[in-house]
Student: 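Here you go, one structure.
Residues take their numbers from the sequence shown, with the count starting at 1. Below, all heavy atoms of this structure are taken into account, side chains as well, without hydrogens, waters or symmetry copies.
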Amino acid sequence: MKKPAVVTAKEAVDMIQDGSTLCTIGMTLISASETVLKEIENRFLEQGHPRDLTLFHTCGQAAMKQPGGIQHLAHEGLVKRVIGGHWGQASKMMDLISENKIEAFNLPQGQMANMFHSMALREPGKLSKVGIGTYIDPRIEGGKMNQKTKDCGYDQVGIVTVDGEEYLQYKPVKIDTLVIRGTYADENGNINTAHEGMVLEVLPAVMATKRWGGKVICQVKKIVKAGSLNPKEVVVPGVLVDAVVVCDNLQEDHRQTYSWYYDPAYSGQALAPEVATKPVPVNIRKVIGRRAVSELVQDQIINIGTGIPNDVIGPIIAEEGVGDSVMITVESGVYGGVPAETIDFGISMNAQALIGHDRQFELYNGTGIDYTFMGAGEMDQYGNVNSTRMGSKAPGAGGFIDITATAKNVIFCSTFTGGGLKTSFSKDGVVIEQEGTIKKLVKEVQQISYNGKLAVERGQKMLFVTERAVFELTEQGPMLVEIAKGVDLQKDILDQMEFQPLIAKELRYTDSAIYLDGVYGLKEIIARNSEKGGTL
């Protein structure tokens, strides 16, 4: 029976050839194979090899400006081309992209996760309507994030017509080497992921790699006796693994996530004690989050994205005691629990279920989530939203395009302006103490991450929620439907926009309860919304 070789990190890196395609699996720094990634970086810095790699990765794999994840690979010469889902926390990779030093294709994260299935099945690409009308569409930008990519002469996305309907074709990528992470490998190479905080798309990636004849390298904590792993908990059969690397510095290189080494409450081995939720202080992010979740009705499945939503919506729901009213999901495959914040995005304490990352996007792209709460950078006069390019920086889509393309209700959460905005809140409403220098309501967005016209055609309800105003997307464009008490309609809203919005005939005031300390009454709001079948 074929068994994988147990090798050192140095021997594993010997398997990676110049000019080949390397695929890594993880999200933020969860399941990052640091032992192997560090050795790739060290080898390149010392010897100049491996070099000219194509890096394929579905999720963002970094922790802000911290070292780790794909930051190890962010060296000119080491990587020639990156095909990835997100770089918002990978500052070094974003610098290489913005400085035009590498080619960069950005694809929707969910489409990439499910590309493994189509590649494993020898299909001619992943076909989907997700991405049509956005910068992923080859008739707009084709997911090409800099001039170097536009000049490379290659398209990663095409257009095909099936039964008279247009689809995007996400073209196959030949994977030469795959780097994954598990908790234990037995003596036959069978891999389980017991201590990992996510299921991710490990097995589909293995299947795609083997279809191309590629090599699979797995980093683990420990090798255990053959037959000691529950076969139902084996994620990758050993016959599909080529090499196993045992991490020799677990505390540093095999952490459950960036902020801690291992907590069983995040991987299902134990439940953390229920403790009183520490309320998030009333600030601009909480105010926006409170107004956003005031749209909810009973018994809905919701998704929360990175930024304002992930940082405040979970805590607000816990503080208000409405956790039984809705089911929080995260794109990584999490259901329920208390999602971790910022650099630990993607895992949840005391989750009710953890499913595969690729399988989660089957729900998001197929059925469509009931409500998604997403961060936003800009909205324009057409209702287009940009969350993927800010100036020269290109963080990319992550799951944004997948989820917003099919959600029944899309609620964007953003400050009204950026760059130095200072506000205060009271029972009398909002005081703009210092206006931001960057306008976010613009004539045309820098990049179309969300297509307003297509959203209207899909019949989506879309709101753009800020600390001082709420807009609803209509067939004629964004309509101002609500303002905060204490702000001046002309000076604080219309003068801070680059376009004239539609204004509702009955312009409402935001309930000032969202600006005050303590519970603001979300449970009652959800009950009222449910009785009348929605808020607007």
Student: So do the side chains of V162 and L127 get within less than 4.5 Å of each other, counting heavy atoms only?
Tutor: yes

Student: Taking only residues two or more places apart in sequence, or in another chain, which ones meet S91 in a side chain to side chain donor-acceptor pair (under 3.5 Å)?
Tutor: Q71

Student: Sequence neighbours excluded, which residues qualify as side chain to side chain donor-acceptor pair (under 3.5 Å) partners of N42?
Tutor: none

Student: According to ring pair (Phe, Tyr, Trp, His ring centres under 6.0 Å), does anything in residues 204-229 pair up with another residue at least two apart or in another chain? List the pairs.
Tutor: none

Student: Going by the rule side chain to side chain donor-acceptor pair (under 3.5 Å), which residues pair with E252 if we only count those two or more places apart in sequence or in a different chain?
Tutor: K38, N249

Student: With sequence neighbours excluded, give me every ring pair (Phe, Tyr, Trp, His ring centres under 6.0 Å) pair touching residues 158-183.
Tutor: none

Student: For S33, check side chain to side chain donor-acceptor pair (under 3.5 Å) against everything at least two apart and list the hits.
Tutor: none

Student: Under the rule for salt bridge (charged side-chain N to carboxylate O under 4.0 Å, His left out), what residues qualify as partners of R211, not counting sequence neighbours?
Tutor: none

Student: Does Y262 have any ring pair (Phe, Tyr, Trp, His ring centres under 6.0 Å) partners at least two apart in sequence or in another chain, and if so, which?
Tutor: H195

Student: Can you list every ring pair (Phe, Tyr, Trp, His ring centres under 6.0 Å) pair that touches residues 1-56, not counting sequence neighbours?
Tutor: F56-F116

Student: For Y154, check ring pair (Phe, Tyr, Trp, His ring centres under 6.0 Å) against everything at least two apart and list the hits.
Tutor: F105

Student: If every non-hydrogen atom of I70 is compared with every non-hydrogen atom of M93, which pair is closest and at what distance?
Tutor: O-CE, 3.6 Å

Student: Which pairs, with at least one residue in residues 107-119 and sequence neighbours excluded, count as a side-chain hydrogen bond (donor to acceptor under 3.5 Å, both in side chains)?
Tutor: Q109-E331, Q109-H357, Q111-K126, Q111-S128, Q111-N365, Q111-D402, H117-D358

Student: Write out all pairs satisfying side-chain hydrogen bond (donor to acceptor under 3.5 Å, both in side chains) with one or both partners inside residues 230-241, taking only residues at least two apart or from two chains.
Tutor: none

